[in-house]
Amino acid sequence: MMDAEYGKRGYLKENYRIFNINDYCRQDFRFHYHEFDKIILFKSGKASYIIEGKEYCLKPNDILLVRHGDIHKPVIKSNVPYERIVIWINSSFLKSADGLSACFDKAAENHIHLIRLADNHAKEIFSIIEKLIHEDSDIFAAKLMQDCIFTEFMILINRAVINYNGIPIDYKSDKLTDEIIEYINNHLSDDLTLDRISNEFYLNRYYLMHKFKRITGKTIYNYIISKRLIYSASLISSGETAKTACFESGFNNYSVFLKAFKKEFGCTPSEFSRQI
């Protein structure tokens with residue numbers, strides 16, 4: 001089975017894919033991102049998840065929302081079984097499915113990626129996805145039934161996020177780094193240099209470099225490049241030309257953009273657009 005925690009950075013062609021996993025996972029995951037959205041339903045174990053600089057300490061029945069382009073990694077803390085359900089969701093499909101992407105948009109807007117619900121509410125959501133996992137794929141109209149169950153699951157997830165009044169969430173965060181990340185994401189098309197960012201936040205450039213790398217796992221330069229490539233891929237997915245995507249995402253050299261894009265996604269922009 002392919003690794004559901006790391007997965008691939010490419011394009012998910014199915015509408016969704018589900019992994020039900022219970023293992024002794026000791027892999028040291030790297031920071032990464034996906035072109036698809038991801039939901040993790042945490043069942044048991046000792047683990048946390050770092051998403052865009054915030055580390056969420058997980059408890060049973062927690063639900064994590066990782067939006068396409070979010071830089072993240074799990075941190076497995078012991079040899080006890082790590083049990084979770086991981087769902088990959090095609091973001092293009094979700095946007096076209098009557099607004100079911102609102103949960104990810106709301107999570108991004110609030111800069112919070114975890115919801116912690118009352119036991120009865122969480123069990124309702126978990127039981128629906130368990131029903132989907134165990135739905136017999138060989139009976140009449142199985143795919144239609146699976147899609148109906150998945151839609152019900154996503155509706156409940158959206159309602160839970162949009163009307164969230166759940167249990168307080170445990171996470172570690174650095175306010176300054178959060179502000180720097182937000183600034184970068186809001187200025188991708190600008191000339192983002194280390195000096196510009198350090199001046200914006202009145203910080204010594206070397207202090208900024210070390211602090212950002214320590215908290216996010218990436219250098220500021222690599223973070224900016226990753227976010228620009230993510231944005232360029234989303235522009236290409238929406239029908240923009242490679243040249244438009246190049247300059248709108250902040251690259252000022254088309255050849256440099258093409259080389260970086262192919263290194264990141266394993267294909268050229270034109271090949272990428274044909275996969276969609």
Side-chain angles (χ1 to χ4, degrees), residues 1-23 25 34-45 49 58-70 72 74 81-108 113-166 234 237-238 274-276:
M1 183 185 70
M2 76 175 66
D3 192 333
E5 295 287 6
Y6 189 79
K8 63 189 180 73
R9 294 183 194 166
Y11 194 84
L12 178 65
K13 292 186 178 180
E14 305 99 309
N15 288 340
Y16 56 88
R17 187 181 298 179
I18 301 173
F19 305 84
N20 190 18
I21 312 166
N22 185 4
D23 59 14
C25 182
H34 308 287
E35 281 301 299
F36 45 82
D37 297 317
K38 182 165 72 171
I39 296 177
I40 301 104
L41 283 71
F42 180 68
K43 291 183 175 182
S44 66
Y49 236 89
L58 301 182
K59 295 181 178 181
N61 295 334
D62 278 353
I63 300 171
L64 282 160
L65 292 95
V66 184
R67 195 170 185 244
H68 59 279
D70 283 344
H72 64 282
Y82 172 38
E83 188 175 8
R84 69 277 190 204
I85 298 171
V86 180
I87 308 161
W88 296 353
I89 311 169
N90 187 312
S91 55
S92 297
F93 157 73
L94 210 55
K95 286 180 181 178
S96 66
D98 199 23
L100 290 181
S101 63
C103 57
F104 289 100
D105 297 336
K106 188 74 172 178
H113 303 84
L114 184 148
I115 55 175
R116 181 169 292 157
L117 305 171
D119 284 347
N120 61 330
H121 194 178
K123 284 177 182 176
E124 180 186 12
I125 290 175
F126 274 65
S127 66
I128 290 172
I129 207 66
E130 292 280 4
K131 181 181 178 182
L132 177 54
I133 289 169
H134 295 105
E135 178 69 18
D136 190 340
S137 60
D138 294 325
I139 61 176
F140 174 75
K143 182 64 169 63
L144 180 59
M145 177 60 79
Q146 289 167 351
D147 289 345
C148 287
I149 298 171
F150 179 76
T151 300
E152 181 182 5
F153 167 76
M154 286 306 306
I155 289 171
L156 290 180
I157 289 288
N158 273 273
R159 288 177 177 176
V161 172
I162 293 168
N163 304 310
Y164 187 70
N165 58 356
S234 71
S237 297
S238 66
R274 288 196 294 270
Q275 295 174 17
I276 299 171

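Numbering starts at 1 and runs along the sequence shown.
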- Task: Please collect all salt bridge (Lys or Arg N to Asp or Glu O under 4.0 Å) contacts where either partner lies in residues 95-105, sequence neighbours excluded, each pair once.
- Result: Arg67-Asp105

- Query: Are any non-hydrogen side-chain atoms of Ile18 and Phe153 less than 4.5 angstrom apart?
  - Reply: no

- Note on the structure: Between Cys103 and Leu100, the two heavy atoms sitting closest are SG-O, 3.7 Å

- Measure the shortest side-chain to side-chain distance between His68 and Phe36 over non-hydrogen atoms and say whether it is less than 4.5 angstrom. no

- Quick one: pull up NE2 in His34 and CD1 in Ile89 and give me the separation to the nearest 0.5 Å. 12.0 Å

- Could you pull out all residues at least two apart from Asn61 that satisfy side chain to side chain contact (heavy atoms under 4.5 Å, CB included)? Asp119, Ala122, Phe126

- Flag the pair Leu117 / Glu124 as yes when at least one side-chain heavy-atom distance between them is below 4.5 Å, and no otherwise. no

- Listed by chain and number, what are the side chain to side chain contact (heavy atoms under 4.5 Å, CB included) partners of Ala107, not counting sequence neighbours? none

- Query: Does Lys59 have any salt bridge (charged side-chain N to carboxylate O under 4.0 Å, His left out) partners at least two apart in sequence or in another chain, and if so, which?
  - Reply: Asp170

- Task: Sequence neighbours left out, what pairs pass salt bridge (Lys or Arg N to Asp or Glu O under 4.0 Å) with at least one residue falling in residues 153-165?
- Result: none

- Task: Starting at CG of Asn90, measure out to OG of Ser96 and round the result to the nearest 0.5 Å.
- Result: 8.0 Å

- Message: Contact between Asp70 and Leu65 at the side-chain level, heavy atoms closer than 4.5 Å - yes or no?
- Response: no

- Query: Side chains of Leu41 and Ile87: closer than 4.5 Å at any heavy-atom pair?
  - Reply: yes

- To the nearest 0.5 Å, how far apart are CG in Leu58 and CD1 in Ile63? 11.5 Å

- Message: Does Ile39 form a side-chain contact (heavy atoms from CB on, under 4.5 Å) with Phe104? I'd like the steps, not just the answer.
- Response: CA-CA 10 Å; Ile39 296 177; Phe104 289 100; 3.6 Å; yes

- Query: What residues form a side chain to side chain contact (heavy atoms under 4.5 Å, CB included) with Ser127, not counting sequence neighbours?
  - Reply: none

- Task: Could I get the full list of salt bridge (charged side-chain N to carboxylate O under 4.0 Å, His left out) partners for Asp62, not counting sequence neighbours?
- Result: Arg116

- The complete set of side chain to side chain donor-acceptor pair (under 3.5 Å) pairs with one or both residues in residues 132-150, sequence neighbours excluded, reads Tyr16-Asp147, Lys143-Asp147

- Between Asn158 and Gly99 the two heavy atoms that sit nearest each other are OD1-O, 4.0 Å

- Any Pro74 side-chain heavy atom under 4.5 Å of Tyr82 side chain: yes

- For the residue pair Arg84 and Leu64, establish whether any side-chain heavy-atom pair is separated by less than 4.5 Å. no

- Mind checking side chain to side chain contact (heavy atoms under 4.5 Å, CB included) for Pro81 and listing every partner two or more places apart, or none if nothing turns up? Asn22, Tyr24

- Output all residues satisfying salt bridge (charged side-chain N to carboxylate O under 4.0 Å, His left out) with Glu130, sequence neighbours left out; order by chain, then residue number. Lys43

- Measuring from Ile133:CD1 to Ile85:CD1, what's the distance to the nearest 0.5 Å? 4.0 Å

- State the OG-CG distance between Ser91 and Asn15, to the nearest 0.5 angstrom. 11.0 Å

- Query: Atom CD1 of Ile125 and atom CG of Asn120: how far apart are they, to the nearest 0.5 Å?
  - Reply: 10.5 Å

- Item | Side chains of His113 and Val66 in contact at under 4.5 Å (non-hydrogen atoms) | no

